[in-house]
Colleague: 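The structure that follows is given in the form of structure tokens.
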Amino acid sequence: MKNKSPDPLAPRWMDRALYSLTDGLVLMDETAHVAFWNPRAEEVLGWPAVEMVGRRVDELLDRIVARVTAPEPVRAKLQDALALPESDTTIEIELIPLPPALNAELNAATPARAGRHDRTRYVSARLFPVRDADEKHIGVGILLHDVTREREADAMKSQLLSTVSHELRTPLASVKGFATTLLRQDVKWDETTQRDFLRIIEEEADRLTEIIDNLLDMSQLEAGALRVEKEPIQLRTLIREVVDEMRMSTEAHWFVVDLPAELPLVLADARRIRQVLHNLVENAIKYSKGGQITVACQLEKEQVIVGVADQGEGIPAQFLDQVFERFFQIDGASTRRVGGSGLGLSISRGIVEAHGGRIWAESKAGQGSVFRFTLPLVAPDTGE
Ligand code: ADP
């Protein structure tokens with residue numbers, strides 16, 4: 001085969017490829033000075049190329065070490081890898097979050113490549129020798145791969161595992177305890193006691209099912225696989241059914257249902273909206289010792305706003321958004337008392353958003369809470 005003449009475009013392409021890499025790339029020359037710093041390295045580390053190119057390697061080390069959680073081990077590993085780069089070495093570093101003002105300052109220096117330096121970032125740094133055509137060592141390259149998402153997902157999985165095992169353990173212990181008690185050979189239980197114990201076993205088994213259902217919903221939501229099958233539904237019937245069912249579970253509360261005389265059909269998945277209503281009413285019961293629970297609807301343009309209000313302990317302003325995060329529970333006596341997994345509201349939010357709606361909480365401490373969500377009305381021309 002004939003030798004091809006060198007492509008005159010190739011050097012330019014190579015250059016652009018290095019600039020366009022989705023990983024950060026830093027090159028150190030033979031004299032241990034920074035020779036190249038691509039845009040993604042600016043974003044990952046926050047320092048602009050103009051400031052970094054030409055700096056000595058130890059200055060770079062000092063800067064990195066000042067920002068990691070484990071400075072000394074990271075310094076030692078980076079120094080070793082930079083001094084003797086015979087083969088590739090991968091070092092994972094955890095960058096500590098910077099104060100917001102410093103984050104803003106860094107981002108002002110590289111506005112086109114602003115990064116989130118105000119939160120913990122995990123970066124996998126891969127150091128490799130750079131050699132010329134004669135295999136002569138002419139420098140060191142560092143590829144910076146941001147693995148924050150992976151690490152956050154790992155942390156979430158561990159949290160999920162510990163929550164799941166903790167949550168499942170309590171009802172399981174109850175089932176086991178009451179079953180063992182009933183089976184004792186040396187005691188004869190009268191029929192009422194037997195039925196009481198069996199009822200507890202049944203309730204705890206229901207609780208286990210509920211936790212598992214919640215976890216399944218959560219994983220579907222996360223995978224973007226929660227399907228809602230929307231059809232025109234009568235919200236009035238749905239609300240009445242949920243309230244009638246929940247009324248049975250409490251003696252300390254009374255219910256008021258406040259609906260407009262004319263309530264048009266909404267476009268929704270009845271089973272899923274029932275689940276949201278059930279969760280909100282259940283919370284209203286759980287987080288108030290007693291009093292009135294009001295379920296109300298208001299019409300507003302093309303949507304309906306559904307509200308569930310209680311007269312309970314309320315939610316401090318700083319938690320009004322956070323209560324919708326998965327596993328989030330306000331650390332208070334009642335959360336501990338009533339149990340729960342902290343998943344209900346995040347699932348409810350997922351369901352409402354899958355309908356194109358919005359959900360939020362309003363509260364004044366000590367004066368109860370109102371949870372509201374919106375649902376689209378069936379457009380008049382498609383309504384039946
Ligand atoms: P769970 O009730 O299982 O803990 P949720 O996701 O339903 O989980 O609720 C999250 C947290 O929000 C609860 O633990 C509680 O601290 C708070 N919360 C929810 N509803 C109310 C309410 N109506 N009044 C006061 N606090 C509430």
Side-chain angles (χ1 to χ4, degrees), residues 156 159-160 162-171 174 203-204 206-222 226 239 242-243 245-247 249-250 252-257 272-296 305-354 357-373:
M156 218 213 76
Q159 188 194 25
L160 184 80
S162 74
T163 310
V164 171
S165 29
H166 179 257
E167 288 299 323
L168 295 180
R169 197 178 292 270
T170 322
S174 235
E203 278 168 17
E204 296 295 322
D206 287 347
R207 166 118 195 84
L208 282 171
T209 313
E210 188 190 316
I211 296 173
I212 291 167
D213 286 347
N214 275 347
L215 287 166
L216 286 176
D217 283 346
M218 199 67 233
S219 76
Q220 280 190 354
L221 271 175
E222 242 145 53
L226 188 97
I239 291 175
V242 173
V243 169
E245 182 193 327
M246 300 302 286
R247 215 193 286 276
S249 66
T250 172
H253 301 84
W254 64 94
F255 288 81
V256 172
V257 177
R272 290 299 185 183
I273 295 306
R274 177 192 297 274
Q275 189 180 348
V276 173
L277 275 168
H278 187 280
N279 180 239
L280 296 183
V281 175
E282 189 177 48
N283 280 350
I285 296 173
K286 279 200 309 193
Y287 301 107
S288 63
K289 290 203 178 75
Q292 180 169 317
I293 294 176
T294 314
V295 184
I305 308 178
V306 185
V308 178
D310 63 53
Q311 298 180 320
E313 60 208 51
I315 300 172
Q318 72 267 31
F319 298 133
L320 285 174
D321 289 332
Q322 257 177 306
V323 289
F324 294 97
E325 285 171 17
R326 57 181 170 235
F327 300 121
F328 183 82
Q329 296 185 304
I330 299 171
D331 207 4
S334 85
T335 304
R336 269 198 300 279
R337 193 179 64 237
V338 298
S341 58
L343 286 173
L345 285 178
S346 69
I347 293 171
S348 298
R349 179 174 64 182
I351 294 174
V352 170
E353 287 177 355
R358 212 166 69 76
I359 185 166
W360 70 97
E362 295 164 10
S363 178
K364 285 210 180 80
Q367 292 182 28
S369 323
V370 193
F371 281 81
R372 293 187 210 278
F373 64 94

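One-based numbering, in listed order, for ligands and for the atoms of each. Since we're looking at a predicted model, the values are computed, not measured.
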Colleague: Run through Asp213, Asn214, Ile211 and flag the one making a side-chain contact (heavy atoms from CB on, under 4.5 Å) with Leu343.
Modeller: Asn214

Colleague: Determine, for Arg207 against Glu167, whether the closest basic-nitrogen to carboxylate-oxygen distance falls under 4.0 angstrom.
Modeller: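 Looking at Glu167 together with Arg207, the answer is yes, because their closest N to O distance falls below 4.0 Å.
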
Colleague: Taking distance alone, with no angle check, do Phe328 and ligand 1 share an N/O pair under 3.5 Å?
Modeller: no

Colleague: State whether the shortest distance between N or O atoms of Gly314 and N or O atoms of ligand 1 falls below 3.5 angstrom.
Modeller: no

Colleague: Under a 4.0 angstrom heavy-atom cut-off, which atoms of ligand 1 come close to Ser369?
Modeller: 22 (C), 24 (N), 25 (C)

Colleague: Is Ser346 close to ligand 1, meaning an N/O of one under 3.5 Å from an N/O of the other?
Modeller: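 It does not: no N or O of Ser346 is found under 3.5 Å from an N or O of ligand 1.
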
Colleague: One residue to check: Ile330. Relative to ligand 1, which of side chain, backbone, both or neither has a non-hydrogen atom less than 4.0 Å away?
Modeller: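 The answer is both.
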
Colleague: Can you confirm whether more than 12 heavy atoms, excluding those of Asp321, are under 6.0 Å from its CG atom?
Modeller: no

Colleague: If you measure from atom 18 (N) of ligand 1 to every heavy atom of Tyr287, Phe319, Phe324, which option wins on shortest distance?
Modeller: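 Of the listed residues, Tyr287 has the closest heavy atom.
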
Colleague: Is the Phe324 ring parallel, tilted or perpendicular to the Phe371 ring (thresholds 30°, 60°)?
Modeller: perpendicular

Colleague: Under 3.5 Å between any N/O of Glu313 and any N/O of ligand 1: does that happen in this structure?
Modeller: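 Glu313 vs ligand 1: no N/O contact under 3.5 Å.
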
Colleague: Quick test of your reading of the model: are Glu222 and Arg326 salt-bridged, counting only N-O distances below 4.0 Å?
Modeller: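 Judged by the 4.0 Å cut-off on N to carboxylate O distance, Glu222 and Arg326 do form a salt bridge.
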
Colleague: Which part of Asp310 is near ligand 1, with near meaning a heavy atom under 4.0 Å away: side chain, backbone, both or neither?
Modeller: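 Answer for Asp310: side chain.
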
Colleague: Between Thr250 and Arg247, is there a donor-acceptor pair closer than 3.5 Å when you use the side chain of the first and the backbone of the second?
Modeller: no

Colleague: Quick one: do the Asp310 and Gln292 side chains pair a donor with an acceptor below 3.5 Å?
Modeller: no

Colleague: Take Ser363 and Val370 through the side chain to side chain contact (heavy atoms under 4.5 Å, CB included) test and state the conclusion after the steps.
Modeller: CA-CA 6 Å; Ser363 178; Val370 193; over 6 Å; no

Colleague: Return yes when Gly312 approaches ligand 1 closer than 4.0 angstrom through a heavy atom, no otherwise.
Modeller: no

Colleague: Pick whichever of Val370, Asn214, Ile315, Asp331 has a heavy atom sitting closest to atom 25 (C) of ligand 1.
Modeller: Ile315

Colleague: Are the side chains of Ile285 and Ile293 in touch, meaning some heavy atoms are under 4.5 Å apart?
Modeller: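 In short, these two side chains touch, coming nearer than 4.5 Å.
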
Colleague: Got a salt bridge between Glu362 and Arg372, using NZ or NE/NH1/NH2 to carboxylate O under 4.0 Å?
Modeller: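 Looking at Arg372 together with Glu362, the answer is yes, because their closest N to O distance falls below 4.0 Å.
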
Colleague: Within the structure, is a non-hydrogen atom of Lys286 found at a distance of less than 4.0 Å from ligand 1?
Modeller: yes

Colleague: Please verify whether a non-hydrogen atom of Phe371 lies at under 4.0 Å from ligand 1.
Modeller: yes

Colleague: Taking 4.0 angstrom as the limit and counting only heavy atoms of Val323, give me the atoms of ligand 1 inside it, by number and element.
Modeller: 10 (C), 12 (O), 17 (C)

Colleague: Heavy-atom contacts with Leu343 under 4.0 Å: which atoms of ligand 1 show up? List them by number with element.
Modeller: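 Once the distances to Leu343 are compared, the set is 6 (O), 8 (O).
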
Colleague: From atom 1 (P) of ligand 1, work out which of Ser288, Ala284, Gly344, Gly342 has a heavy atom at the shortest distance.
Modeller: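 Going through Ser288, Ala284, Gly344, Gly342 one by one, Gly342 has the nearest heavy atom to atom 1 (P) of ligand 1.
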
Colleague: Does any N/O atom on Leu345 come nearer than 3.5 Å to any N/O atom on ligand 1?
Modeller: yes

